[in-house]
Amino acid sequence: MITAELGKTKLDSGWLAARSTEVQLTGTQLTTTHPPIGPSSPWMEAVVPGTVLATLVKNKIVPDPFYGLENETIIDIADSGREYYTFWFFTSFHCKLSGAQHLDLNFRAINYSADVYLNGHKMELPKGMFRRHSLDVTDILHPNGPNMLAVLVHPPDHPGSIPPKGGQGGDHEIGKDVATQYVEGWDWIAPIRDRNTGIWDEVSVSITGPVKIIDPHLVSSFFDNYKRLTAELEGNICLVEHLQTRNVSIPAKSRVKYTFPEYSCANDVNCQLFFYKPNLWWPNGMGKQYLYNVVITVDVKGYGESDSWSHHFGFRKIESYIDCATGGRLFKVNGQPIFIRGGNWILSDGLLRLSKKRYQTDIKFHADMNFNMIRCWGGGLSERPDFYYYCDYYGILVWQEFWITGDVDGRGDPVSNPDGPLDHALFLLCARDTVKLLRNHPSLAIWVGGNEQVPPDDINAALKKDLSLHPYFESLDGIRKREESPEKDPSQYLDGTRIYIQGSMWDGFADGKGDFTDGPYEIQNPEDFFKDDFYKYGFNPEVGSVGMPVAATIRVTMPPEGWQIPLFKKLPDGYIEEVPNPIWEYHKYIPYSKPGKVHDQIQLYGNPKDLDDFCLKAQLVNYIQYRALLEGWTCRMWRKYTGVLIWKTQNPWTGLRGQFYDHLLDQTAGFYGCRCAAEPIHVQLNLSTYFIEVVNTTAEELSNIAIEASVWDLEGTCPYYKVYENLSVPPKTVVHTIEMKYPKSKKPKPVYFLLLKLYNMSDDGILSRNFYWLHLSGGDYKLLEQYRKKQIPLKFTSNVLIEGANYEIQVQVQNTSKKPDSRRFTYKNSFTAEQGDSGFDMDLMEPAVHRGTNEKYEASLFQRIYRRILGDNDTLRVTEINGDDVGVAFFLNFSVHASKTNHKEGEDTRILPVHYSDNYFSLVPGESMSVKISFEVPAGVTPRVTLHGWNYPGGHSVH
């Protein structure tokens, strides 16, 4: 029962669905005399929010399209006709209003159009996938009985067909509609059979009084060039309250725009809504993400409170311009330049089974990789508010594109329609509504017209006008164009605070002219990323490579015939061509070789024996490949580049390319290669010059620091050890320190390990640690195959903290093999940066307020207080792996499993997702490292933490 209290109630449960051709009743009958009673044929439990295909999969009417080749057994809308995927959705609710209250029925998005029936009354939801719908249903509400709601959802008008060879966006017909374009298939995904038809976003009802608030626009400005701002307060608690009231007159049946406070009094300090020294919102790696809560309430004279609206808000200013030195687009946040290292994003799930919990994991994963930007690709979605909330929370800047792609909108093969969607007015309506939905999020950094294409001229011109910057936010080479106070109120702009760029390869991105100058998208020689001729332009919006997941994911997402590893076909020139099995090919596998340019990177470790061996060696390559990519870009920070975005970070299905975690949310080793390379303070080896470099992306100078470089061979000895002391690194700078001499020595080992550590000389606190495995020029890693037989002893000391279903396990891992000599090493890895806390990882719990706010977003402040549970839940455990050999414990990785005594052979026992402070790491003799493992356990399951490694193939339980 929805009470008469003001506010919104989600209608996210109790939905039923049925194919329209199987329902012989009208919408009026369904919502009056003949409502469906439970999930009996043809009705079934529905996924709302979600799609028709998600509902069919849930009810096992069709198989899982992401498993093996099952998608080929599901009829495509091009063959079935649109009626086949036209579905009824039904639910009911109770609501009793009081007095002059009003009730709105809200659909935040549907695809593509719908007929809505409530209690026998018909309404329409017009076409367009990216628009909100709000229906005033006050007069048709049943106050004393159930309100029956039936929605007939129609697919896109132009779902298109899939050419025999597939193609980027199929036959491109979907581009005639204002809808997501990836659904006809791409080179990274198979076609989505229903084209994402359904009620794919939130449905709700909201109660208001006679006056309601619609789409407030929050804008802040800094009058003193960021000079009067607070430092972080002790305890991370900052309570700031402003209470101001204004009287407004609103004519009956009208809409009024009102600025609070009045912009005309902007120079009157008594009239301003002035925050003295607020804490700023910063991107990941630059500072904390302070969020405040803004609440707007409307009281009507003689009635009382009529409506209330709240939104979290971050004080920050984003500027963007083309950098003269590099020609790349440069971003500044709060006056500080930020070197962009991030990734391209498609969407969470190809069946649009979107959830806050999934979004939280997705975005936290990006923050864990030390990324600072996500690009929402134009063939995907305009992402949902929950996505943006977690980007706000974790500090991930967002590049949001509109629904244009080069392949579908004029540059595809076959040649596609350059005039975009048929209804340009609808496109602009959806674009403007999307801006209003998302514009208050501090993480939103830039609007872009399309992917590798600009919108049609009239749409592009309208977007440029609609998204023009308020003069205060204009900048030229980082210098504000106008200092005087402009007359027009910035909150009256559609946005006014973020720049609009017409396309992803224009105006400071790629060559800036729209030529296809992004990429490449395949395996590379790691050292090539460091060469000046690898990429010409200042900001690369797309560069991609391999993305093989772990073997357990292959086994759970494919039948046994999909477990066959590729055939390695040797070509006359000595290069290898990989020939994958048909299932891998269907799942868009990218090979680990590029004949004529790159020798097979998996075969550098020897011929893989089976799936487990192949996937393990693929993880070695993933780590090296993506660490080198980011380190190569970063070594030329500001000198040649302003940023790079990797294509891509994840897959919305069980794809086998371009991902750092798979669709089941298990990370690849590439995830941790990125995490290493993108840390704000970083020590690295330039694989082209063999110089050691120190990267400082922070705003503070590094002084009195030292680098420790140690080389370890496969016999466990240390033939090379150097310490370089009394170094300093200016802010926002890369320093090339000294050349590594070891490979040039008289008798270098063909395969060796290199450990670099950057630390403070004052307390030996480690700022950065970076571990490499290397071979001599022209060599390979095949000697590592014999190294697997080494039995390196390890000691684990673990502590577990439990709250409900949330676990946090701190594991100290030590390589206890004999130290080769008594020379000084920084063995303990005491990192100066916070790597965890003795309390719970509260990021796994639903965040209510972030650091430094008084926000009451969804729960009380006290739910955010760290609590350490002592007694029975605080346990210390010590375990050991025995071994008699001395050497590096190589490529260790943890996983978490459900403890089962009767699990079936091949059953996937993994608990996912899991957040690790590090994984796929190695320890030299005597070295120790602490790893924090955080996860949620399903009901009735006891977790078990397992360690695998190059020297530990069978797996060992450590907690």
Do the side chain of Gln659 and the main chain of Gly655 share a donor and acceptor less than 3.5 angstrom apart?
yes

Non-neighbouring partners of Asp201 that pass salt bridge (Lys or Arg N to Asp or Glu O under 4.0 Å), sequence neighbours left out
Arg108, Arg384

Using 30° and 60° as the class boundaries, would you call the ring planes of Trp377 and Trp188 parallel, tilted or perpendicular?
perpendicular

Result of checking Trp345, Phe671, Tyr626, Phe365 against Phe660 for ring pair (Phe, Tyr, Trp, His ring centres under 6.0 Å):
Tyr626

Would you please test Lys212 and Asp104 for salt bridge (Lys or Arg N to Asp or Glu O under 4.0 Å) and show each step?
CA-CA 10 Å; Lys212 64 183 177 182; Asp104 287 338; 2.5 Å; yes

With sequence neighbours left out, what residues match Asp307 under side-chain hydrogen bond (donor to acceptor under 3.5 Å, both in side chains)?
none

Could you walk me through whether Ile646 and Asn344 satisfy the side chain to side chain contact (heavy atoms under 4.5 Å, CB included) test, starting with their C-alpha distance in whole Å, then the side-chain angles of each, then the deciding distance to 0.1 Å, before giving a yes or no?
CA-CA 6 Å; Ile646 297 174; Asn344 285 267; 5.8 Å; no

Between Thr553 and Pro549 (side chain of the first, backbone of the second, donor and acceptor by atom type, cut-off under 3.5 Å), is there such a pair?
no

Any sub-3.5 Å donor-acceptor pair from Arg316's side-chain atoms to Pro442's backbone N or O?
yes

Residues passing the salt bridge (Lys or Arg N to Asp or Glu O under 4.0 Å) test with Arg353, sequence neighbours excluded, are Asp349

Regarding Thr180 and Asn196, do their side chains bring together a donor and an acceptor under 3.5 Å, going by distance alone?
no

Do the non-hydrogen side-chain atoms of Ile809 and Leu801 ever get within less than 4.5 Å of each other?
no

Under the rule for ring-ring contact (aromatic ring centres under 6.0 Å, His included), what residues qualify as partners of Phe509, not counting sequence neighbours?
Trp399, Phe539

Under the rule for ring-ring contact (aromatic ring centres under 6.0 Å, His included), what residues qualify as partners of Tyr500, not counting sequence neighbours?
none

The criterion is ring-ring contact (aromatic ring centres under 6.0 Å, His included); which residues satisfy it with His682, sequence neighbours excluded?
none

The reported gap from CH2 in Trp281 to NE2 in His441 (rounded to nearest 0.5 angstrom) is 11.5 Å

Got a sec, which residues hit salt bridge (Lys or Arg N to Asp or Glu O under 4.0 Å) with Glu631, two or more places apart in sequence or on another chain?
none

Distance-only polar pair, side chains of Tyr359 and Glu383, donor-acceptor under 3.5 Å:
yes

side-chain hydrogen bond (donor to acceptor under 3.5 Å, both in side chains) with Thr654: which residues, sequence neighbours excluded?
His587

Determine, step by step, whether Cys674 and Arg627 satisfy the side chain to side chain contact (heavy atoms under 4.5 Å, CB included) criterion, reporting the C-alpha distance in whole Å, the side-chain angles of both residues, the deciding distance to 0.1 Å, and the verdict.
CA-CA 5 Å; Cys674 288; Arg627 178 179 60 182; over 6 Å; no

Please round to the nearest 0.5 Å and tell me the distance separating atom CH2 of Trp447 and atom CD1 of Ile499.
14.0 Å

Closest contact, heavy atoms only, Ser220 versus Phe473:
O-CZ, 3.5 Å

Would a 4.5 Å heavy-atom cut-off, applied to side chains only, mark Leu437 and Pro385 as touching?
yes

Evaluate salt bridge (Lys or Arg N to Asp or Glu O under 4.0 Å) for Arg132 paired with Asp433, printing each intermediate quantity in order.
CA-CA 7 Å; Arg132 294 169 294 169; Asp433 196 58; 2.9 Å; yes

By side-chain hydrogen bond (donor to acceptor under 3.5 Å, both in side chains), Arg769 pairs with (sequence neighbours left out) Glu927

A cation-pi test, strictly: NZ or CZ of Lys317 under 6.0 Å from the centre of the six-membered ring of Tyr472 and no more than 45 degrees from its axis. Yes or no?
yes

Quick one: does Asn540's side chain have a donor or acceptor within less than 3.5 Å of a partner on Glu542's backbone?
yes

Nearest heavy atoms of His663 and Trp653, plus distance in Å:
CB-O, 3.3 Å

Where does the angle between the aromatic ring planes of Tyr393 and Tyr390 fall among parallel (under 30°), tilted (30 to 60°) and perpendicular (over 60°)?
perpendicular

Check whether the ring centres of Tyr672 and Tyr623 lie less than 6.0 Å apart, and answer yes or no.
no

Taking the inter-plane angle between the rings of Trp403 and Phe130 on a 0 to 90° scale, is it parallel (under 30°), tilted (30 to 60°) or perpendicular (over 60°)?
parallel

Can you name the nearest heavy-atom pair linking Ile296 to Pro216, along with the distance?
CD1-CB, 3.9 Å

Using the ring centroid of each side chain, check whether Trp633 and Tyr641 are separated by less than 6.0 Å.
yes

Do Arg910 and Ser895 have a side chain donor and acceptor closer than 3.5 Å?
no

Among all residues two or more places apart in sequence or in another chain, which pass the side-chain hydrogen bond (donor to acceptor under 3.5 Å, both in side chains) test with Asn440?
none

ring-ring contact (aromatic ring centres under 6.0 Å, His included) filter on Phe107, not counting sequence neighbours, yields none

Can a donor-acceptor pair be found, under 3.5 Å and without considering hydrogens, that links the side chain of Asn284 to the backbone of Ile396?
no

Determine whether Thr51 and Asn111 satisfy the following criterion, side chain to side chain contact (heavy atoms under 4.5 Å, CB included), listing intermediate values before the conclusion.
CA-CA 9 Å; Thr51 64; Asn111 188 27; over 6 Å; no

Hey, does the side chain of Asn106 reach the backbone of Val203 with a donor-acceptor pair shorter than 3.5 angstrom?
no

Rounding to 0.5 Å, atoms OG (Ser443) and CD1 (Ile363) come to a distance of 8.5 Å

Kindly say whether Pro913 contributes a backbone atom to a donor-acceptor pair with the side chain of Glu936 at under 3.5 angstrom?
no

Given the options Ile340, Leu645, Ile446, Leu397, Arg375 meets side chain to side chain contact (heavy atoms under 4.5 Å, CB included) only with Leu645

Donor-acceptor pair, distance only, cut-off 3.5 Å: does the side chain of Tyr292 make one with the backbone of Phe315?
no

Using the salt bridge (Lys or Arg N to Asp or Glu O under 4.0 Å) criterion, which residues pair with Lys8? Sequence neighbours excluded.
Glu202

Heavy atoms, side chains only, cut-off 4.5 Å: are Ile338 and Asn372 in contact?
yes

Is the backbone N or O of Asp215 less than 3.5 Å from a side-chain atom of Arg439, with the two atoms forming a donor-acceptor pair by type?
yes

Applying ring pair (Phe, Tyr, Trp, His ring centres under 6.0 Å), run through His366 and Tyr394 and close with a yes or a no.
CA-CA 9 Å; His366 286 75; Tyr394 291 113; over 10 Å; no

Could you check whether any side-chain N or O of Asp466 sits under 3.5 Å from a backbone N or O of Leu494, counting only pairs where one atom can act as donor and the other as acceptor?
no

Quick one: do Tyr321 and Leu330 satisfy side chain to side chain contact (heavy atoms under 4.5 Å, CB included)? Show the steps, please.
CA-CA 6 Å; Tyr321 56 91; Leu330 188 147; 3.6 Å; yes

Answer yes or no: is there a side-chain heavy-atom contact under 4.5 Å between Lys436 and His217?
no

